[in-house]
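Keep in mind that this is a model prediction, so the values were computed, not measured. Just so we're on the same page: letters track the sequence lines, and every chain starts at 1.
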2 protein chains.
Amino acid sequence: MSADPISRRDVSDATVARLPEYLRTLSRLAERGVSCVSSAELASAVGVRSAQLRKDLSRLGSYGVRGVGYEVETLAVEISRVLGLTRDWPVAVVGMGNLGHALASYPGFATKGFRVVALFDDDPGLVGEQVGGVVIRPFAELPARVRSDRIAIGVIATPAAAAQAVGEALAAAGVRSILNFAPASIAVPAAVDVRRVDLSTELQILAFHAQRRTYAAPLSGAVAR
Amino acid sequence: MSADPISRRDVSDATVARLPEYLRTLSRLAERGVSCVSSAELASAVGVRSAQLRKDLSRLGSYGVRGVGYEVETLAVEISRVLGLTRDWPVAVVGMGNLGHALASYPGFATKGFRVVALFDDDPGLVGEQVGGVVIRPFAELPARVRSDRIAIGVIATPAAAAQAVGEALAAAGVRSILNFAPASIAVPAAVDVRRVDLSTELQILAFHAQRRTYAAPLSGAVAR
DNA sequence: CCCTGTGAAATAATTCACAGCA
DNA sequence: TGCTGTGAATTATTTCACAGGG
């Protein structure tokens, strides 16, 4: 009666990383009133090969109809289920400088069951301020809030110097998933899943490719006309 | 006389993605006064296997000393060179809402040769405002600025609805590398390299793993003491 | 037919294990 | 001896190509 149609165990990381993109594209199609897509159509909208799309989807189960395609609505629900988006994910943001403010009011956060329910900062000039209907609290209140609001995901938006301490505090408070925006890596117990999102890293990868491209085809002044 | 010690052609994407992390760790070691590391030490500081580190570094050339290790300074310079960080990368940010403001003043941007030299937004309430010493300009001035400032990297921080148009304008203006923070994918000519950084995507991947972990080891109330 | 789902083949990335040099 | 650099083995991922159901 545990009613779990597929064990999530055999969905590879590479596949999981593509699921949010599939889901976003399906939502766009649904908005346009499209109710059915073939793997070729969906794949080209996403920018992957149709064989890869089918292989990915086959990991979730058989939700397509041979000779026809996939029902947009059904598939979206199924991907949401596998990603864990059918439940609620209370999120805490630590560090309410520019970046923290932007994150706390970013629309991408509000979607798909993620709710920013707690904001923390130790700057007395920030404590008490409301951002998106949530009041900024002193960092010391973190453990109590994690328990009372069942916070499962913590976001670190502090300067680099504070990141390690915040990560440890989040882990100690019971948070098992951390999104780290601080320009520093953090070391946490293996039970905690950390994903780092870093501007600087992305820019450096971009610079590498930009440089490669320059070698391949030196950009001349041929702008527009 | 082109003096290129290795062709960057055979450095795989997987390796390139790890180089910024190696570089950051090397910088930290240098600050601490460490002048030499073995692959085992560096690998454990970064969180990869030593064999992978050596394989990655071997792609850049032979900069280690057998029986000893790698000279921190030399290796950092070499990775910087390969990533293209020894030159200057003028950056334009388009969309100066909360996120754009945060990006324009984010310290991670200022490092490693990336300079935010132009900010664009069409909101009359924002045009003219200074952020980090740079004045926000109307979007129509983009092509002229790209040329005059040799802007090679564009950052999209607009709402989803504007992203596609901004991407096309950047591409048309001659920008060949785009970092897209808008909650929407954009379609651009193949000559343009786009990297998308998306909160929502990261959160969804995090949710998947958080859910998996919950199944594996249900979190009990064992908090601190 | 057409398009899904999937074994089999090809390719890519990681890890092992050790030769070879300081 | 100790640690790098690298072929060889292993594992992961992608792509091919087609059997099979609607």
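Protein atom CZ of B:R49 is 11 Å distant from nucleotide atom C1' of C:dC16, rounded to whole Å. Protein atom CG of B:D13 is 11 Å distant from nucleotide atom P of C:dT14, rounded to whole Å. Between the CD atom of B:E41 and the P atom of D:dG2 there is a distance of 14 Å, rounded to whole Å. Look at CG on B:L60: it is 14 Å from P on D:dT4, rounded to the nearest Å. Distance, B:L57 CG to D:dT4 P: 9 Å, rounded to whole Å. We find that CZ of A:R59 is positioned 11 Å from C1' of D:dA12, with the value rounded to whole Å. Nucleotide C:dA12 holds its P atom 17 Å from the CD atom of B:Q52, rounded to whole Å. The distance between atom NZ of B:K55 and atom P of C:dA13, rounded to the nearest whole Å, is 12 Å.
Residues satisfying the side-chain contact (heavy atoms from CB on, under 4.5 Å) criterion with B:A182, sequence neighbours excluded, are B:I156, B:T158, B:A163, B:N180.
To the nearest 0.5 Å, atom CG of residue B:L203 and atom CH2 of residue A:W89 are 10.5 Å apart. Between B:L179 atom CG and B:F114 atom CZ the span is 9.5 Å, to the nearest 0.5 Å. Taking OH from B:Y70 and OG from B:S62, the interatomic distance works out to 8.0 Å, rounded to the nearest 0.5 Å. From A:E21, atom CD reaches atom CG of A:L53 across 11.5 Å, with rounding to the nearest 0.5 Å. The CG atom of A:L57 sits 5.0 Å away from the CG atom of A:L75 when rounded to the nearest 0.5 Å.
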Show the distances under 3.5 angstrom between N or O atoms of the protein and N or O atoms of nucleotides 17-19 of chain D.
residue, atom, partner, partner atom, Å
D:dA17, N6, A:R54, NH2, 3.3

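Toward the 5' end of DNA chain D, the nearer of the two residues A:G67 and B:D56, judged by each one's closest nucleotide, is B:D56.
Considering only side-chain N and O atoms, B:Y63 lies nowhere under 4.0 angstrom from the phosphate OP1 or OP2 of D:dC3.
Taking every side-chain heavy atom of B:S12 into account, C:dA13 is the closest of C:dG5, C:dA13, C:dT15.
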Go through the steps for B:E78 and B:R81 under the test salt bridge (Lys or Arg N to Asp or Glu O under 4.0 Å), then give the verdict.
CA-CA 5 Å; B:E78 201 44 45; B:R81 268 253 308 278; 3.6 Å; yes
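For the residue pair A:R54 / A:S39, a side-chain donor-acceptor distance below 3.5 Å is found, with atom types taken as modelled.
Taking the six-membered ring where the residue is Trp, A:F139 and A:F120 present perpendicular rings, their angle passing 60° and hence far from 30°.
Of the residues in residues 14-40 of chain B, those with a non-hydrogen atom less than 4.0 angstrom from any atom of DNA chain C are B:A14, B:R18.
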